[in-house]
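In what follows, a single structure is set out as structure tokens and then discussed.
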2 protein chains.
Amino acid sequence: MESTRELFQIMTRRFGLLNKNCCTVGGNDITPVQSHILFEVDRQHNPSIQQIAETLGTDITTFSRQVQSLIKMNLIKKTPDPADRRVSTLSLTVEGKYVATTIDQQMNAYLDEIFSFMTEFEKETVLRSIKLMNEAMAKSDNCCRPIIG
Amino acid sequence: MESTRELFQIMTRRFGLLNKNCCTVGGNDITPVQSHILFEVDRQHNPSIQQIAETLGTDITTFSRQVQSLIKMNLIKKTPDPADRRVSTLSLTVEGKYVATTIDQQMNAYLDEIFSFMTEFEKETVLRSIKLMNEAMAKSDNCCRPIIG
DNA sequence: TTCAAATACTTGTATAATGCAAATAATGAA
DNA sequence: TTCATTATTTGCATTATACAAGTATTTGAA
């Protein structure tokens with residue numbers, strides 16, 4: 001009998017492998033970390049560097065450098081916050097938006113292929129379950145900010 | 001409306017954060033990569049270095065060095081395969097087994113806490129869904145070996 | 001049998017990622 | 001004003017990563 005952890009460990013590893021092989025877009029080779037950043041910058045409304053770093057659970061200094069390289073790749077841009085000039089808000093460039101969208105489509109295509117091995121009912125059940133998990137994780141103390149200790 | 005990819009992206013990120021904060025066991029600070037390796041060595045029967053590297057989707061040279069450091073930490077051991085002396089099979093040491101088990105328990109405890117926000121029925125549905133996903137991913141061409149291109 | 005090709009793994013080397021400590025810059029409260 | 005706090009960046013050391021090349025062993029065809 002598989003343990004709960006085993007089920008999740010294997011699924012998340014496989015999803016990570018999909019992410020790893022996804023994607024080369026318009027000559028840009030996007031690493032999983034960069035892909036995560038583009039994803040979150042796209043999702044959040046004018047997030048600060050700190051906000052994204054916290055969301056992703058990375059050290060802010062590491063993240064600061066990741067931002068720099070994404071700016072060099074012309075995928076995101078930094079805008080000083082007029083209300084607090086210590087803060088930089090991040091947003092996607094046109095090219096960054098294109099890359100983020102393409103990755104999203106490619107990932108959804110991969111997932112669709114996986115769902116093709118299920119009935120429509122099973123697919124709906126799975127999607128509802130993932131949503132349930134996300135809601136429960138959001139309520140949890142362990143999930144998902146850095147845990148002290 | 002959240003896309004399929006968004007649901008999975010968020011869930012796997014959160015699971016990754018749990019993994020990241022899990023665990024310090026008996027003075028050993030275990031990285032997520034090391035935790036994955038211990039998990040797979042424990043799961044597979046006398047796997048070779050190549051087998052695990054392939055399972056985890058890492059380059060074998062990187063993996064070879066990860067194995068070396070886990071041996072230095074006295075968590076796994078390498079045994080030459082008598083049938084083919086090019087091959088080394090991996091197994092957990094007593095300490096490695098202890099660390100792997102402790103991580104497993106800790107992760108299961110985290111997950112239990114998350115499930116405490118659901119009804120028993122919802123929990124069962126979620127677990128069945130993850131199992132369905134794993135089975136479907138196993139059938140998929142995209143999942144989950146390195147994809148050419 | 002012999003030897004070249006294939007396989008399993010390791011090492012050399014270069015690059016990139018990571019995170020702590022410290023620096024810089026801006027804010028806000030006393 | 002002054003000093004603690006906050007947001008971000010830079011210095012630095014460590015670690016992870018992967019390509020290329022090396023070693024050791026096995027395999028299979030001539």
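Order of the sequence lines sets the chain letters (A, B, ...), proteins ahead of strands, with each chain counted from 1. Basis for what follows: all heavy atoms, side chains included, without hydrogens, waters or symmetry-related copies. Note that this is a predicted model, so its numbers are computed, not measured.
Atom CZ in A:Arg65 sits about 13 Å away from atom C1' in D:dT14, given to the nearest Å. Protein atom CD1 of B:Ile60 is 18 Å distant from nucleotide atom P of D:dA16, rounded to whole Å. Rounded to an integer number of Å, the gap from CG of A:Asp81 to C1' of C:dA25 is 14 Å. As rounded to whole Å, 16 Å separates atom P of D:dT8 from atom CG of A:Leu70. Between the CG atom of A:Asp59 and the P atom of C:dA17 there is a distance of 14 Å, rounded to whole Å. In this entry the distance linking CG of A:Leu56 with C1' of C:dT18 reads 14 Å, nearest Å. Between A:Gln68 atom CD and D:dT10 atom C1' there is a gap of 9 Å when expressed in whole angstrom units. Rounded to an integer number of Å, the gap from A:Phe63 CZ to D:dA7 C1' is 13 Å.
For B:Ser64, no side-chain nitrogen or oxygen approaches OP1 or OP2 of C:dC9 to under 4.0 Å. In terms of phosphate contacts, A:Lys78 brings no side-chain nitrogen or oxygen within less than 4.0 Å of OP1 or OP2 of D:dA7. An OP1 or OP2 oxygen of C:dA16 is reached within less than 4.0 angstrom by no side-chain nitrogen or oxygen of A:Gln66. Between B:Thr62 and D:dA18 there is a side-chain N or O to OP1 or OP2 distance below 4.0 Å.
Proximity note for B:Asp84 (side chain, C-beta onward) versus C:dA8, C:dG12, D:dT26: the nearest is D:dT26.
Residues B:Thr61 and B:Ser69 both approach DNA chain D. Their nearest nucleotides, taken by heavy-atom distance, put B:Ser69 toward the 5′ side. Residue whose closest nucleotide on DNA chain C sits further toward the 5' end, between A:Gln34 and A:Ala83: A:Gln34.
Checking A:Glu40 against A:Thr55 by side-chain atom types alone, no donor-acceptor pair falls below 3.5 Å. Under 3.5 Å, the side chains of B:Asn134 and A:Glu2 contain no donor-acceptor pair of N or O atoms. A donor-acceptor contact closer than 3.5 angstrom is absent between the side chains of A:Thr93 and A:Asn74.
Looking at B:Met133 and A:Ser129, their side chains never come closer than 4.5 Å, going by heavy atoms from C-beta outward.
A:Ser48 comes within 4.0 angstrom of the backbone, heavy atoms only, and of no base. Note on B:Thr58: only backbone sugar-phosphate atoms sit closer than 4.0 angstrom, heavy atoms only; bases stay farther off.
Contact detail for B:Ile30 and B:Ser35: the closest heavy-atom pair is CG2-N, 3.6 Å. The two residues A:Lys139 and B:Phe117 make their nearest non-hydrogen contact at O-CZ, 3.5 Å.
Within residues 85-93 of chain B, the residues that have a heavy atom under 4.0 Å from DNA chain C are, in order of number, B:Arg86, B:Val87, B:Ser88.
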Only pairs under 3.5 Å count here: list side-chain donor-acceptor contacts from residues 97-106 of chain B, not counting sequence neighbours, and write none if there are none.
residue	atom	partner	partner atom	Å
B:Lys97	NZ	B:Asp42	OD1	2.9
B:Lys97	NZ	B:Asp42	OD2	3.4
B:Thr101	OG1	B:Lys97	O	2.7
B:Thr102	OG1	B:Tyr98	O	2.7
B:Asp104	OD1	A:Arg5	NH1	2.6

